[in-house]
Structures are given as structure tokens and as C-alpha cells.
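Predicted, not measured: the structure shown is a model, and the values here were computed from it. In the text below, chain A, chain B and the rest are named by the order of the sequence lines, each starting its count at 1.
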Amino acid sequence: MEIHFETEKTLKIVDCREMFPPEPMEKILEAVEVMGDDEAVLMVHRREPFPLFEKLRVRHLDYEIKRFEDGSVQILISKTQI
Amino acid sequence: MKTGNLSLDQAPPEDIPFRYLLTGPAFGVLAGIVLAFFGERMLITAWDLDTVALTHLITLGWLTVIMMGAFYQMVPVLVGGHVPWIHLSRYTYYLFVTGILLLATGLLSWQVVLLLAALVLLVVALTVFIGQLLIALFRVKANRPVVYAMRISVLSLTLAMIVGVLMLGMMFGWWTFPIGRDSLKYIHLTLGLLGWVTLLIFGVSFHVIPMFYLTKSFPDRTAYTVISLIGTSLISLVVCFALRLNLFVLSAAALPALSGILLFLTTMVGLLRGRQRKMVDATLRFWQLGLSGLLPAFLLLPVTFFRMDEIFSYLFVLVFLLGFAGAISNGMLYKIIPFLVWLHRFSPLVGKIKTPAMKDIVHDAPARKQFYLFCFSLLLLIVAFATQNDLLTRIGGVAWTVSSTWLLYLLVKALRVVPPEMPASVAEDDFAALFKDLPPPPPKK
């Protein structure tokens, strides 16, 4: 699988493409719960997970999203830079 | 932080979609009771006021209420839109539900005052809902088929409402209109069933079927084609009915919709067959039943124009409203309600407690039994309507009541699933304990 982000942070990849809802959100929230300052979580999903974004905002997390023609997305999540 | 055009609080508070979504089955119970009570009185003619009352208990009370709740939740979830003045939805809910009850009572008892009150309440409630949704849907980028489908669906509801108001006013003699009531009722049916109900179900299914059943994505090009074909027939059928064109022209106008429905069905069946994780639960069975009912319903419809009796009219309405739309909405409630319970109550606690899976919030075994009862009541009613049998109609009404009650019970049970109380932090207890024996500070001079 090609990763479409460049980052110096240690990357944890969570591939949600074969998960039933709400497992994708659950796995991502679990992953960000233990994420360090020098780490990032990469979510790979077959669709844009709109309900997740508010959850990330509430946890003061940054995210960047890349969308592809088939509707799939890659989302890079990290802690907010102060 | 890249947030696109997301506003801070996109998802509605949980009570708003829940109240709408649970009221649908409650109206299912009421509709079943009406059918059981009145029996063959509902089968005199499809345009009799009693039958119109029952039809609207189902179209407005069951389907539209559920669809409104689904819209409030799905616009943020599926298209990232923001529904404005969401708090108003709590009040319009009461107006809408009261309006439906007054409409049904007024039609059953021919009380003009009740019908007038119903008209006002329903128009106010629907106008607020339509305003909220059109603003939300026209603010988002129209870069996906579901957005187009939702827009056309809400616009169809708007026109169906206007036509309904026109017809009621003409019935009371308040006003006249260049298009006769006979034509207006078919226009109202077309906009309501093909535009509002069918297009919304199709549009939502483009996303929820891949989402919940892990199929491949519904191809965008096919989705746009389906929407365009149905939209073409929507416009042409309305024009044909308004101009009272002959059956040949009407059939030609309906062909694009039939093609769109066939295209949708073949694509969707192919996606479901090709899914990798072949989990089969009650919700999938409801989708299979609903998709199976759609084509027969639309094939029954043209027959109604060639027969003197109205048996096929009843069968069309039954198979479309219950066999297609009712089945799919019933199944989707078993997905939406647990998802919302999880999203609102448990997602903030992920990582802190063990959160339930959706199948733990609504268990599949009782849902599957309710599916069998749903099928039994539908089959009973099909036979009852086809044979115009009073006893079977009443028994079918009872079966439908029990099925809807069971659904309502399972959904209320799901709503009772709440997170455990979180224990107080140990560190705080230890810190507070350090000071508990100290005397209070002296008062300030």
C-alpha cells in the first residue's frame, strides 16, 4: 500500500478498509489515545469518516486528509503543534 | 489543522434523531391498529378518505418521520453538511406528529376543523424541515451522487406538500386550480413515492450499503445515471399527468425511471453478492426483501391503469410502502439506532472503558424474528388485499401491529444501553484525603 504522506514522525498505520462500523472510529480513537508527541497515526479507509473529525478536534489533534478517485482516503493524525 | 468546511458541532444532539426515528414504528403500530379495526372498509376504493388516512399514517407517520430523523443525522455523517437551527427540530417534531394524528382523525371522521389544523401544523413543520435541509444540502459541494439524490428528494417533498395543500383546499372549496384534482393526486403520488421516498433510499444506499456490508463502492457514474433517469421520469410524469396525456405517453415517460430502477437493482445486487465478508444479519435480510419488492411494485403500477377494479392499486401501494420502503427503513433502524447510541455515548469513552459492538446494542436473534413476523404480515396483507378479504385484512393488521411493536421494543431497549458510571479518580481521592482533617481557613477581615 502506498503512503501518500511524508512525515518524520513514527507512523502507526491503521487499515480500516475491512472493518464494520464503528470499528474504524474505535481503532483510531484507541490509537490516538496512546500516541506520543513524536508519533502519528495514519488511517486508511474506504470512505471519508465525517463523524471522526469532531472527535479528533475535541482531543486537540491535527489531521490532514488525502482523497482518492475511488472514494478512499488516507488521514494523517498527530498532536497539535503549540 | 485541515478541517475543510466543517463547523464545530456538526452532529445533532442525540435526542433529535432518536425522537424521529422511534416515532416511525409507533405510527406503524397505529396503522396496524387502524387496519385491524376497520378491515375491509379500507378496501372500498383507494381514494376513499379512510384509505387516504391509513396511507398517510404510513407515508407521513412511518416513512417521512423516519426519513426526517435520518436526514438530520445523515447529512452530517454522509455528506459532511451542517443542518442550521437544529434546535428547532425538537419543536417541529411535535407539530409534525400532531399534524399527522389530526390529519388521520380528520379524514376518518370527516371533521373539517381537524383537517384545517392538520394542514397548518404539517405545512409549518415541513417548511422548517425543508428550509433546514435545502440550506444544508446546497451549502455542501455537490461532488457526490448522494448530494444530488438528497436535493431532488427534498425538492420533491416540497412540491408534494404544495400539491397536497392544493388538493385539500380544492376539496373544501377554498380555491380552484387549473389542474384538476384527479391529475393532482397522481402528481402528488409521483412526487411523493418516486421523488421523495425512492430517491432518498437510493441516494443513502449508495453509501450505507458499502459502509455497513463492506461491499465495493457503488460506482459514481452509475449512481448519476440512476438519479438522472429517475429525475427525467419525475419531470415528464408530472407534465404528462398535468396535461392528461394518454397512457402510451405516460408509459414512455415512466420508462426512464424503470430503467434507472433496473440499473440500481442489478448494480446493488452485484455489489452485495461480491462482498468479501459475507456476514448475514437481519438488516441485510430487510434490504434483500426491500430490493426484491421494488421491481414488482413498479410493474404492478401500470396494470392499475388498465383495470376497472382497484386491486392492483392496493397491491402496488402495499408492496411499495411496506415491501420496499417499509422493509428497508425497518432494517436501517437496526443499524442507525445502535450506531448513534455508540457514537454519542460510547465514542467519548474509547480507550477508557470497553465499548460495546453494535451487535451488542441490538442483538440479531430477536431482530431476525421480527423480520420473519414482518414478512408474515406483509404476505398476509398481500393475500388479503388481492382477495379483498375482510378477516384476513384484520388479521394482517394485527400481525403488522405486533411486528411494529416488537421493533419499537427492541429499539427502546437499545436506547437504554448506557456507559457504566465512571469511578472517581483515585489520585483526586488521595489528594483530597490529605486535607480532610485540617480546620477550615479563617474568615477574611
Between A:K79 and A:D38, does the salt bridge (charged side-chain N to carboxylate O under 4.0 Å, His left out) criterion hold? Intermediate values first, please. CA-CA 9 Å; A:K79 291 196 172 173; A:D38 58 344; over 6 Å; no
Would you mind telling me which of A:E26, A:E30, A:E33, A:E48 has the largest number of heavy-atom pairs within less than 4.5 Å of chain B? A:E26
Check whether [X] gets within reach of chain A through its side chain, its backbone, both or neither, counting any heavy atom under 4.5 Å.
X      : answer
B:S217 : side chain
B:P219 : neither
B:F339 : side chain

A:E39 and A:S78: side-chain donor and acceptor closer than 3.5 Å? no
Close aromatic pair by centroid cut-off 6.0 Å: B:Y213 and A:F20: no
Against chain B, label A:R59 side chain, backbone, both or neither, depending on which of its atoms sit under 4.5 Å from a heavy atom there. side chain
Are B:R144 and B:D220 close enough for a salt bridge, meaning some N to O gap below 4.0 Å? no
Would you check, one step at a time, whether the test side-chain hydrogen bond (donor to acceptor under 3.5 Å, both in side chains) holds for B:Y72 with B:Q132? CA-CA 9 Å; B:Y72 284 129; B:Q132 289 173 303; 2.7 Å; yes
